2 protein chains.
Amino acid sequence: MTETLKKIFKEKGVSPSYTRMRIYYYLDDCKTHPTVDTIYKELIDELPTLSKTTVYNVLKLFVEKELVYEVNIGTNEKRYELVIEKHSHFICQVCNTIYDIPYICRPIDEDVIPGFEIIDQEVNLKGICPNCKHKQITT
Amino acid sequence: MTETLKKIFKEKGVSPSYTRMRIYYYLDDCKTHPTVDTIYKELIDELPTLSKTTVYNVLKLFVEKELVYEVNIGTNEKRYELVIEKHSHFICQVCNTIYDIPYICRPIDEDVIPGFEIIDQEVNLKGICPNCKHKQITT
DNA sequence: GTCCTTGCAAAGCGTTTGCACAGAA
DNA sequence: TTCTGTGCAAACGCTTTGCAAGGAC
């Protein structure tokens, strides 16, 4: 497993320090699009000398090396996720949780915006997640 | 014209101070999804005592009263636009300009994300705008 | 030895808050 | 008078920068 990750890092030109690997594993594990602060708090027990600067450094490197995406959907803090299969996001307007959902893609009629070169499209859904919906009903 | 705006304000419960109306007109005028800083700089000559705090105050009020949307697409600074017809955004990856484009929307197959209540969907396109494309070719 | 990773402290930047003054109702 | 709009100054929160110490190679 560690070997697999070392290989991934090597392919992207990232040297496999323990801290970097640990942060990568955390992202792989949590599926919650965590903020820097969350990552820091989750790992500080295990890596007592960890600093937020290091978390910032590592994430910046990961983003540059295309191991990680910055997810930016109207929250103050940046959120991060591993670069995996392309997908869309559902943001719960009650608890602010971001859920990964299958990628939604819209055919764009190029005539509608002539002259624009479309490189990427992103569909974000907003609404209420099952958890919060359940709470609303039961309270 | 001023009367029309006063009516709009009244409907939303916003009292029509000169500063508020001026900021509203600027937003109506510029079509550029400006930041607080841009609004401030554009109006400071005309309203020499204007402060950024006031711009923040007015925009906060406008957002609360649903006169204005906060546009949040991965930039540090919040951007603002009048609440008008629902539309989508195209973000130029070269010059960071945000363009309004016709609203792209398709019904979502609820089965894909069962239990989630979808209230809104947002489509953002990313790519290169005609201006920047033209520059790339000619330079 | 050199290079790189890490992390403290400080600065930076956009935004919000506290508070007070002035004008409107 | 009371209420509201405005704006200075300070605080705040997230992020970046400067720099130095320690470890890897």
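Note that the structure is predicted; figures quoted are calculated from it, not measured. In what follows, chains are A, B, ... by sequence order, proteins preceding strands, each numbered from 1.
For the ring-ring contact (aromatic ring centres under 6.0 Å, His included) test with Phe62(A), the passing option among Tyr80(A), Phe9(A), Tyr69(A) is Phe9(A); the others fail.
Shortest non-hydrogen contact noted between Gly13(B) and Lys65(B) is O-CE, 3.8 Å.
Spacing between atom CG of Asn76(B) and atom P of dG12(C) amounts to 16 Å, rounded to whole angstrom units. Between the OH atom of Tyr18(A) and the C1' atom of dT5(C) there is a distance of 16 Å, rounded to whole Å. The interatomic distance linking Asn57(B) (CG) with dT16(C) (P) rounds to 10 Å, in whole Å. Atom CD in Glu70(A) sits about 12 Å away from atom C1' in dC14(D), given to the nearest Å. Taking atom CD1 of residue Ile23(B) and atom P of nucleotide dT6(D), one finds them 8 Å apart after rounding to whole Å. Between Leu47(A) atom CG and dG7(C) atom P there is a gap of 8 Å when expressed in whole angstrom units. Look at CG on Leu61(B): it is 16 Å from C1' on dG7(D), rounded to the nearest Å. In this entry the distance linking NZ of Lys60(B) with P of dT6(D) reads 15 Å, nearest Å.
With distances taken from any side-chain atom of Ser15(A) to the nucleotides dG5(D), dT15(C), dT5(C), the minimum falls on dT5(C). Of the listed nucleotides (dT15(D), dG18(D), dT4(D)), dT15(D) has the atom at the smallest distance from the side chain of Val36(A). Nearest to the side-chain atoms of Thr53(A) among the listed nucleotides dG5(D), dC8(C), dC14(D) stands dC8(C).
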- request: Start with the C-alpha gap between Tyr18(B) and Leu47(B), add the side-chain angles, then the distance that decides, and say whether side chain to side chain contact (heavy atoms under 4.5 Å, CB included) holds.
  value: CA-CA 10 Å; Tyr18(B) 184 75; Leu47(B) 306 170; 3.4 Å; yes
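Contact check on Asp37(A) versus Lys52(A) returns a salt bridge, with a Lys/Arg side-chain nitrogen under 4.0 Å from an Asp/Glu carboxylate oxygen.
At the phosphate of dT6(C), OP1 or OP2 sits under 4.0 Å from a side-chain N or O atom of Ser17(A). Within the 4.0 Å cut-off from OP1 or OP2 of dG7(D), at least one side-chain nitrogen or oxygen of Thr54(B) is found. Note on Tyr56(A): every side-chain N or O is 4.0 Å or more away from OP1 and OP2 of dT16(D). Regarding contacts with the backbone of dT16(D), a side-chain N or O of Lys78(A) is found under 4.0 angstrom from either OP1 or OP2.
Residue-level contact check: Thr19(B) touches the backbone only, with heavy atoms under 4.0 Å from sugar-phosphate atoms and none from bases.
For a distance-only test at 3.5 Å, the side chain of Ser51(A) fails to qualify as a donor-acceptor partner of the base of dC8(C).
Looking at His89(A) and Glu81(A), their side chains do bring a donor and an acceptor atom within 3.5 Å of each other.
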